[in-house]
Amino acid sequence: MTLTYAFFPGCTLESAAEELMISTKKVAAVLGIELIELDGWTCCGASHIQDIDGFLSTSINARNIALAEELGVSKLITVCNTCTLMLRTAKLKMDKNENLKEKVNVGLERTGLEYKGTVEVTHLLWALLEDYGLENLKKKVKVPLKGLKVANFYGCHILMPPDVMGFENHRNPQSMEMVAEALGAECVEFDQRLACCGFHAVFPAQKEVMTMTGINCLSPKEAGADCIVTPCPLCQMQLDAYQPDAQKGFDQDITMPIIHLPQLIGLALGISPEELAIDRHVVDAIPALQRKIQAV
Amino acid sequence: MEKITVKIKRFDGRESYYQKYEVPYEKGKTILWLLTMIREEQDPTLNFTSACRHAICGSCAVQINGNAFLACNTSLDEVLDTYKTMNLTFEPLKNFDVIKDLVIVWEPKMEKMEKVKPWIIPSEKGSNEHGFLQSEEEFHQIAAPTDCILCGVCASECNQLAVNQEGYLEPFILNRAYRYIVDSRDGSPQDHLQPVLENDLWKCLHCMQCVSQCPKSIPLTDQIAYLRSSTMQMGAVNNQGAKHAYAFHDDVKNKGRLNETMLPIKTDGLVQTALTKIPFALRMIKKGKINPLHMPKQISGIHEVRRLYEYAEEVKS
């Protein structure tokens, strides 16, 4: 089985979260998923550009989607919650409003592109459930993650707003649990499962976001989790790279390893932590994983 | 008969505790029916507020299993299906003080709302003699924001309020400010906007909770984007939030992608970055997450992207 997607990596995969680029490509290769990276994709706007110019935000994402449409694929895939939200928001706005679509296309014509609306925007998590299938994923598992206690941290932008995202019930999603359990891991229940990481306001609301980071790490720690797993590189960066800063505001030890969803999948597929670039995290995740997964 | 186990957070003015009730399940009922059944048939001391039963008065919002709902227009079956359970935990709205059981205090919120001058400051275009007429289009500007019934659901779910009740404005207050800023009869939008800016406008986390839970589907996050745009048009561009947004805006125009290394400097300036972000930068460099020597290249098609920027400017004017 080969599934082919147009691939939108997003800016963070080229620098701070390069380990997500590495692990996504490794996992896709083992699963037989073909990812064709868009040539000339731009930043999605990261939920900021619409604060300056909403039409521009829609236009640059219309261009990104139009690049995917030119590849003749049916889906554009991302591994970032916010990229997914930004692309889907632009698409929904244009698909619902013919006038807006025409207006955007006047601009796109100057770039030699046209937004048609033929490509769906999805996230790897959804694609695994919807296109690849959990049964097929289970067949690929070489090292069941038996005994590994994971805390699934969804991140807001893969769930909300539901009229844009809508893959599952935003108040009680189960997709992460379904994938983690298919890999053999044990999912812990914890209060902050659907919490906000705060990343998008980490500059103007630094103090508040550091408090949130501390709570987001403590909650799964107290629930007995070995690590947090997230489908979003921005949540990962907030919870991992800022964790030493957040620690300063807490007396208790908040140490909690944070890994990307494709890294968790990769471990179960028998790929080593180094090949999945798990050694690039600020909070060392490898000891916790080694204690629980024998093949690691 | 199938039963629903309801745990309600009670508060008697001094102590809070959870009390358990069992209610026989009935199909096709609302959450408000469930609460009313408990009060009328099991426990007359249970306090909650409700009045209209038609999602107009906004008085019956509560937390159920971690999310805020307006009790009268929420289907019990949908809630049971959402959480795949017959066990429901009721709590008062978050980010409000509690008077008793599920009853919350509104007065401090109303005092806070006064900051944004939630009234029309009449423009000189109208007069008592000739009235303050609006076109249909002008009326539609205020149609969605005036749907707000002040139920408090958005405030209960707001992640910024959860850690910053003193400084941040409730989404329903931001909605109220927006409502007067866009009202064609208002002559002084900056008087509503300035307090919004001064009360942590840029601290909204973009978590989308308010817009996702609003029982009236008010586009609260689009409004926040509008408020931010308006403050920048007013000239308030020299703050972290605006500078951060412009860093993305300008990077896409210049190179097509974000330069993560330069983002803190563009947002906070060199001095502030040096003072506060050095430990962060060092740990990022150590793990190879930041490479200060690496400058992102221009993407293929950058000239086309710039044409989109030019076009967006034309559309604006």
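Throughout, protein chains are lettered first and strands after them, A, B, ... in sequence-line order, and every chain is numbered starting at 1.
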Does the side chain of Trp202(B) reach to within under 4.5 Å of the side chain of Asp51(A), using non-hydrogen atoms?
yes
Inspect the contact between Glu314(B) and Arg110(A) and indicate whether a charged nitrogen and a carboxylate oxygen are less than 4.0 angstrom apart.
yes
Winner by heavy-atom pair count (cut-off under 4.5 Å) against chain A, out of Lys255(B), His249(B), Lys277(B), Gln233(B)
His249(B)
For residues Val163(B) and Met212(A), determine if any side-chain heavy atom of one lies less than 4.5 Å from a side-chain heavy atom of the other.
yes
For Ser47(A), which atoms come within 4.5 Å of any heavy atom of chain B: side chain, backbone, both, or neither?
both
Quick one: CG on Asn169(A) to OG1 on Thr82(B), what's the gap to the nearest 0.5 Å?
4.0 Å
Is chain B contacted by the side chain of Thr12(A), its backbone, both, or neither, given a heavy-atom distance below 4.5 Å?
both
Measure Phe199(A) against the heavy atoms of chain B and call it side chain, backbone, both or neither at under 4.5 Å.
neither
Looking only at Lys286(B), Lys84(B), Lys203(B), most heavy-atom pairs under 4.5 Å shared with chain A are made by Lys203(B)
Give, as side chain, backbone, both or neither, the part of Asn81(A) having an atom under 4.5 angstrom from any heavy atom of chain B.
neither
Tell me whether the rings of His244(B) and Phe203(A) are parallel (<30°), tilted (30 to 60°) or perpendicular (>60°).
tilted
Under 4.5 Å to a heavy atom of chain A? For Tyr309(B) that would be both
Region of Asp163(A) in contact with chain B, defined by heavy-atom distances below 4.5 Å:
neither
Max heavy-atom pairs within cutoff under 4.5 Å with chain A, candidates Asp251(B), Asn65(B), Ile224(B), Val252(B), goes to Val252(B)
Quick one: does any side-chain atom of Glu260(B) pair with a main-chain N or O of Ser15(A) as donor and acceptor, under 3.5 Å?
no
Heavy-atom cut-off 4.5 Å, strictly under: side chain, backbone, both or neither for Lys103(A) against chain B?
both
I'd like to know if Arg257(B) and Glu14(A) make a salt bridge, using a cut-off of under 4.0 Å between side-chain N and carboxylate O.
yes
Under 4.5 Å between any side-chain heavy atoms of Lys289(B) and Met237(A), yes or no?
no
I need the minimum non-hydrogen distance between Ile52(A) and Ser229(B), along with the two atoms involved.
O-OG, 3.9 Å
Would you call Tyr311(B) and Leu56(A) a side-chain contact if the rule is heavy atoms closer than 4.5 Å?
no
Which bit of Thr267(B) is near chain A, if near means a heavy-atom gap under 4.5 Å: side chain, backbone, both or neither?
side chain
Roughly how far, to the nearest 0.5 Å, is the CG atom of Asp200(B) from the CD atom of Glu208(A)?
6.5 Å
Donor-acceptor contact below 3.5 Å, side chain Lys287(B) vs main chain Val282(A)
no
Side chain proximity check, Arg283(B) to Asp245(A), heavy atoms < 4.5 angstrom:
yes
Heavy-atom pairs under 4.5 Å with chain A are the metric here; pick the option from Gly288(B), Pro296(B), Gly241(B) that has the most.
Gly288(B)
Within a strict 4.5 Å, meaning less than it, do heavy atoms of the His48(A) and Tyr246(B) side chains meet?
no
So, do Glu78(B) and Arg171(A) sit near enough that their side-chain heavy atoms are less than 4.5 Å apart?
no
Ring-ring centroid check His157(A) His206(B), cutoff 6.0 Å
no
Within a strict 4.5 Å, meaning less than it, do heavy atoms of the Val209(A) and Leu205(B) side chains meet?
yes
